Every structure is written in C-alpha cells, then in structure tokens.
Amino acid sequence: MTRQTGTLTDGEAKTYDVLIVGAGFAGLYMLHRLRQIGLSAVVLEAASGIGGTWYNNRYPGLRCDIESLLYSYSFDTELQQEWKWSERYAAQPEILRYIHHVADRFDLRRDIQLDTRVSTATFDAERAQWKLATGDGDMFIGRYCVMATGCLSVSNFPFADQIGAFDGEWHHTSAWPHEPVDFTGKRVGVIGTGSSGIQCIPLIADQAAHLTVFQRTATFAIPANNAPLDPAFEADIKSDYDAWRDKNRRGEIFGGGDLGWHGEGSKSLIISALSLPAEERREFYESHWQRGGAHFAGAFPDLLVDAEANETAAQFVREKIHEIVKDPQTAETLSPQGFPIATKRLCVDTNYFATYNLPNVSLVDLKAEPIECITQTGIRTAAQDYSLDMIVFATGYDAMTGALLAMDIRGCGGIALREKWQSGPKTYLGLAIAGFPNLFTITGPGSPSVFTNMIMSIEQHVDWIAHCLDYMRSQGLQVIEASEEAEENWVKHTAEVVSGTLFDRADSWYLGANIPGKPRVFMAYLGGVNAYSEKCDEVASTGYEGFRLT
Ligand code: N01
C-alpha cells in the first residue's frame, strides 16, 4: 500500500488508501489515526461544517448527558489536560468548539471535504477497492472504506409530506438553523417528548407567547443537576485521568456517567431492588435523583432485567412527576405507563416537568386525540384544530442503520446492503459485514455504541480498525472480510443477550420501532463494554478470527 493523497488515477476519481464517510467525532479521530500509521485518507462530509450531530443539532437547550470530563477524546494526554470544560454537562456550542479545537490542533482540515454527500459506495472485487460517488458526480476510490456516519444522524420526520401545507415557520431539532430562532410572542407547537423535546421545551416556553406540547408517549426523565465545573474537582480528575478513562472503558462507570459522586449512597447496590425495605429503597432512589443524571437506571443491577424491580424505580419517578407538576391531570398525563423505565432512552432534563406549571404551556395527549394532519394554520388532532405560528418537530432519528441505508452500498457481486439488512442489521462485532469486504462501520449495529459513552466506543473502534489496517499492510494482505458464520454467531449472541432483558417491552428507537416498516430488531450489543472490547482484542490477537484475509 502506498501513500497517495488525492492521486488522479481512475478518470476523475481521486484515490486514497482509506475513504472515511463523516466528519464527526469518529471520522476525525479515524483520520488522525490513519495518518499516524502512514495511510492516506480523505473524510467526506455531507454538511458544510465538521462535528456531525453536534454541527446539525443545535436547538436551544441541547447539551450532552454524559459528564464533559468523560465525553471527550482520551487519545492525547496533552489534549485532555489542556481543554477546560465549563460545566458538568457541556452544551452544544462548547462541544462544537472542542471539535474545532481538535481539528486545528491535529491539522485535520486539509483532508476533510465538506458539502460532499456520498450517495453510492460500490466494492470492485477485481481491484479490491471501494468506489464512492456523490450525487454531483464526484468520485473517490480507496482500498478501504470506513463508515463514520453516526448512530443518530438521519432525521425521523413523520410529517414531511404534509409540512408544505403549513404557512408558519417550522424546524426539526435534528437539523436546526444556524441563525438564532426567535420564539418571542409566538404560538409554538412541539411534537415529541424524547431527549430533544424535553431539552428544548423549557427554553421555548421561556420565550413563546404560548407553547403547546404534543405528547404521544410520556417520558421518564431524571434531573441533570447541571452546574459549573468545580476547578478543584476538575484538577482532582485530571490528576488521575487515565484511571478514570480506564474505569469508563471497563464499564465501571454506568453509561459513561458519573465522575464526581463520592458521597453517601454514591454506589449502585449489588443487590436486587426488591431486597430492600420500601422506605430504604426509596431513600436510595432519592439520593440518585438528587445527584441527577442517567446513572439512575443503574441504581440496582436488576432494574433492566426484572419487571418488578423496574417498577419500583418507575413508580418513584411517577411520584416525583406528581410532586413537581401542580395540576394532577397534567401530572398523570406526563407519567409514563406501559413500558419499563430506561427501556426507552432515559432522558436527563433541566426544569422539564416544572415547565408545565407555567401559565403559557399546555399539554396535548396524543393517545387521547391523535394528530390527523398538519394544516395551513397549525395541527389538527382528532379533537380540535390548534392554531400555531411555529412547529418544532422533535421526532428523533432513523437510528443506527438510517445513515448507512440512506446510501446505496454494494458489496461482492453487487449485493445491496439494503437487501442484506431487509430483516434487520447483521454485522460481525458491529465493525464489519459479510459480503462487504474492506468496509468498516464505527459504532455500527451489533456493537455497544449507544449504550456507552460514544466517544469512548468510537476510540475503541478506531484503534481496532487502525491496528487491523496496519496488520494487513505488514502482512502484504489486501482484502479482509467477515465470514458469514462469524456474523451469524455474533447476531445470534447479541439477540441472546437482549432476550434476558426488558428491552423488548418498549417501542423504542433501539428496536427501530419509531420508524414505520423498520424491522423490529434490537440494534445494539448489551453484553457490556469490557466483555465486548476483550472480544475485539481477542479477535485481533488471533490473526482476525472470524475474518477471511487474502
Ligand atoms: O428522539 P426520540 P430524540 N407523532 O426518538 C415522538 C440522543 N439525544 O431526538 O415515543 C407524534 O427519543 C416520539 O413519540 P413515541 C439520545 O440518545 C441525546 O428526542 O415514539 N409523536 C418521541 O416522543 C436520544 O434518545 C441528547 O411515541 C411522534 C419523540 O417524537 C436520541 O438522540 C439530546 C411521532 C422522539 O423522541 C433521540 O432523541 C438529544 C409522531 N408521528 C438527543 N413520531 C443528549 O445528549 C415520533 N414522535 C441529552
């Protein structure tokens, strides 16, 4: 393999060792690692800026729900020591500033091509190379292709075909304008109460003349208790940063979550939720609630496997909602029923429930009065017409497979990924796909991805891929492909792990249930980040067991 940066060899196509699709956290680090091992690469990014989801997603209130000190790269000691986060949970502008800082610090921009949406990716088996084409006719050729396209990057926009009827302003949280949106004096409607909805609703309510929230499913949300980062605490973490990162990699910090809580009740109890007397259990939940954050779901180890244990946590949160929301009927409508807590992504909020106490906020229960259509003047439900000046769609994403299937990806013999994944995604380790040689997916379906600190998982995948490509080169190998058998076994194993949990009891995006017609398949690996990364390391150390190398 030779280093050929942008060589014109195939008509107008530029040729590289590796083509990377996506300039978010994953694509940027992949580029950096490939440069370190002397491979040429280009990053192709559809948007006009770097940052992936943190570039497109910039609605008011958007912030990360993993602690800033962990939601950051660990690959460079100086980088992690020098960057200063201002809050416990960083807001979107700060995260985007960090991404720009990294791009500049490691001189990444010169190999990133923006405004370049890949529409097709085709493997040429004879030449053992990938050919990527854009809608504008640009062509890129690479021996390898890395899809760094993100798990939550393609919008779910259920009303797209009706929005043309609406005379007012409208926005989707996943593709928010770069100019400020002014809600002042407006009648605003928000559809959707997942993580995006619950974050923007309190801020829109602050400004709007009236806010109407259209809720289809009530949401379990835990207070963020965000705060400025205490410099002493930051110094403490940074004095032993690698140890904290290791804990995160071993899965010892729940969901990538809580660095600073060392006080009373700070640990998850390694006993069933049902083994404590009710009052003691309640106090334990209360301490987690007061501390705030998504680690609430890890308070007891059986919350996601035992329905009765789960119900104790769910009921605690419902009682909190009733304490916060003054109108009992509104509180009841906001209280989630019918699915276990945390089997849909547990939300982390700031003033979400209290917002419903404001006189300019009302709640529409779409279970009682479903939306019939978008009209010229607003939203029509089965009960009435709501007149609005602006609609905000917080309706989420076609998660995990959406960005991959938005492209026409063709492997050996012209087989289409869309065809192969008709009944759900199939991968080996969430990294590779049988029939699609030399193609890698970063945090792809079948890997722990969305159940972890994404940046940590991105780094683990990128390091694994870089190591693999270095090995290929050192052995004079050109093609690596997951075997059908290894893929089948991995898919079976991931399904077995999920079957011991409560996750199939909710209609979540984890299962593709938010997209009509999407196969109902749980898309992430739940076996734990430690076991998972050990498995990946073992595969690499045994000469890439489960892969064919030629
Ligand atoms: O999307 P969602 P999101 N009619 O799918 C409703 C990450 N994230 O953008 O539950 C009416 O969770 C839908 O209702 P239902 C995080 O991983 C992280 O909020 O399907 N309503 C639901 O209420 C998160 O989980 C951060 O019944 C419709 C909402 O829209 C993921 O992104 C911040 C509808 C969609 O909720 C996605 O979150 C933001 C319809 N036809 C996002 N279709 C943080 O870091 C959908 N809905 C904190």
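Just so it is clear, the structure is predicted and the values come from calculations on it, not from any experiment. Keep in mind that the numbers below use all heavy atoms, side chains included, and drop hydrogens, waters and symmetry copies.
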Next item on the list: Could you check Leu388, Asp182, Val188, Val181 and say which one makes a side-chain contact (heavy atoms from CB on, under 4.5 Å) with Glu169?
Entry: Val181

Next item on the list: Please lay out, stage by stage, how Leu303 and Ile341 fare under the test side chain to side chain contact (heavy atoms under 4.5 Å, CB included).
Entry: CA-CA 8 Å; Leu303 291 187; Ile341 185 170; 5.8 Å; no

Notebook entry, point to check: Does a side chain donor of either Thr395 or His172 reach within less than 3.5 Å of an acceptor in the other side chain?
Noted result: yes

Item checked: Which atom of Phe522 lies closest to which atom of Leu511, heavy atoms considered -> N-CD2, 3.6 Å

Does [atom1] in [X] sit with more than 12 non-hydrogen atoms of other residues, nucleotides or ligands closer than 6.0 Å?
X	atom1	answer
Gln376	CD	no
Lys518	NZ	yes
Gln337	CD	yes
Arg117	CZ	no

Next item on the list: Go through the steps to decide whether Phe316 and Phe284 satisfy the test ring pair (Phe, Tyr, Trp, His ring centres under 6.0 Å), and finish with yes or no.
Entry: CA-CA 11 Å; Phe316 174 86; Phe284 190 63; over 10 Å; no

Margin query: Out of the candidates Arg245, Gln80, Glu459, only one should pair with Ser74 under the side chain to side chain donor-acceptor pair (under 3.5 Å) rule; please name it.
Written below: Glu459

Check: So which of Arg216, Arg520, Lys344 actually passes salt bridge (Lys or Arg N to Asp or Glu O under 4.0 Å) with Asp507?
Finding: Arg520

Next item on the list: Over 60° means perpendicular and under 30° means parallel, so classify the ring planes of Phe503 and Phe451, tilted if in between.
Entry: perpendicular

Acceptor/donor pairs from residues 228-235 side chains to any protein atom, 3.5 angstrom cut, sequence neighbours excluded:
residue: Asp230; atom: OD1; partner: Ala232; partner atom: N; Å: 3.1
residue: Glu234; atom: OE2; partner: Lys238; partner atom: NZ; Å: 2.8

Margin query: Does His100 form a ring pair (Phe, Tyr, Trp, His ring centres under 6.0 Å) with Tyr55? I'd like the steps, not just the answer.
Written below: CA-CA 11 Å; His100 280 275; Tyr55 173 84; 8.1 Å; no

